[in-house]
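Single-structure report; data block below.
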Amino acid sequence: KNEVEQSPQNLTAQEGEFITINCSYSVGISALHWLQQHPGGGIVSLFMLSSGKKKHGRLIATINIQEKHSSLHITASHPRDSAVYICAASASGTYKYIFGTGTRLKVLA
Amino acid sequence: DAMVIQNPRYQVTQFGKPVTLSCSQTLNHNVMYWYQQKSSQAPKLLFHYYDKDFNNEADTPDNFQSRRPNTSFCFLDIRSPGLGDAAMYLCAIQRTSGADTQYFGPGTRLTVL
């Protein structure tokens, strides 16, 4: 069992839909990161969370430390949101990332 | 402006012919990482530098070497590329140890013929 699990693995949505991607982890963490990777592209950091909730534009990330669970929400989804979304944990005592397997999102016009 | 620059963006090499990928940064961050990413997979950490201290992952093949001549630059050398080494190679930087964000470069896509 991976230390960082994501669901769903693949997601197809219609433009305008509200999207939720989930991440669960089994290790103690100092932070949880949400990353975005467009096809053939580099990785962009979206959020770093250690508690609560963060919002940037149409993206919202939440974390529940007690339940070891984080979610990434996209409101009013758009085809340009089509990408792979990866959650990554900074485990306590280390600065390396433990990556989830990623969620491949496709938003149809 | 780009914080992490990788050159070249695309590299084609022949089986067994050594290749060097380069990464530079504009932020003077302490930590530099090299990752290998194959299609539809999460990035796999090869090694990282904390300042000049080199840290190899246990399962990184000996075929992969790295150099960090100064704070700004880091190189990935593949001594004898095999077909299985074809992948995207990502460089990332991080300000300090701890939970700081890693900033990734655009990657170098390596093709091995």
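Worth knowing before you read on, the calculation uses all heavy atoms, side chains too, and leaves out hydrogens, waters and symmetry mates. So you know, we letter chains A, B, ... as the sequences are listed, proteins then strands, and number each from 1. Here the structure is a predicted model, which means the values were calculated and not measured.
B:F47 and B:V19 fall within a single hydrophobic cluster, where Ile, Leu, Val, Met, Phe, Trp and Tyr side chains are chained together by heavy-atom contacts under 4.5 Å. If you chain together hydrophobic residues whose side chains sit under 4.5 Å apart, B:F64 and B:L90 never meet in one group. Follow the hydrophobic side-chain contacts under 4.5 Å out from B:I78 and you reach B:F54 in the same cluster. Hydrophobic clustering (ILVMFWY, side-chain heavy atoms < 4.5 Å, transitive): A:F47 and A:V84 are in distinct clusters.
For B:S39, no part lies near chain A; criterion is any non-hydrogen pair under 4.5 Å. Looking at B:Y33, only its side chain comes within 4.5 Å of chain A, counting heavy atoms on both sides.
In B:K38, the NZ atom is crowded: over 12 heavy atoms of neighbouring residues, nucleotides or ligands sit closer than 6.0 Å. For A:Q9, the CD atom counts as loosely surrounded, since its 6.0 Å shell holds 12 or fewer non-hydrogen atoms of other residues, nucleotides or ligands. Residue B:D62 qualifies as open at atom CG: its count of foreign heavy atoms under 6.0 Å is 12 or below.
Separating the CD1 atom in A:I98 from the CG atom in B:L45 is a distance of 11.0 Å, to the nearest 0.5 Å. Of the inter-residue distances, the one linking B:Y35 atom OH with A:K96 atom NZ reads 9.0 Å to the nearest 0.5 angstrom.
Contact check for B:Q37 versus A:Q37: side-chain heavy atoms found under the 4.5 Å cut-off. Put simply, the side chain of B:T101 reaches to within 4.5 Å of the side chain of A:Y97, judged on heavy atoms.
Of the residues considered (B:A92, B:P43, B:G107, B:P106), B:P43 shows the highest number of contacts with chain A, using heavy-atom pairs under 4.5 Å.
The shortest non-hydrogen separation linking A:G41 to B:M88 is O-CE, 4.4 Å. When all heavy atoms of A:F99 and B:A42 are compared, the closest pair comes out as CB-CB, 3.8 Å.
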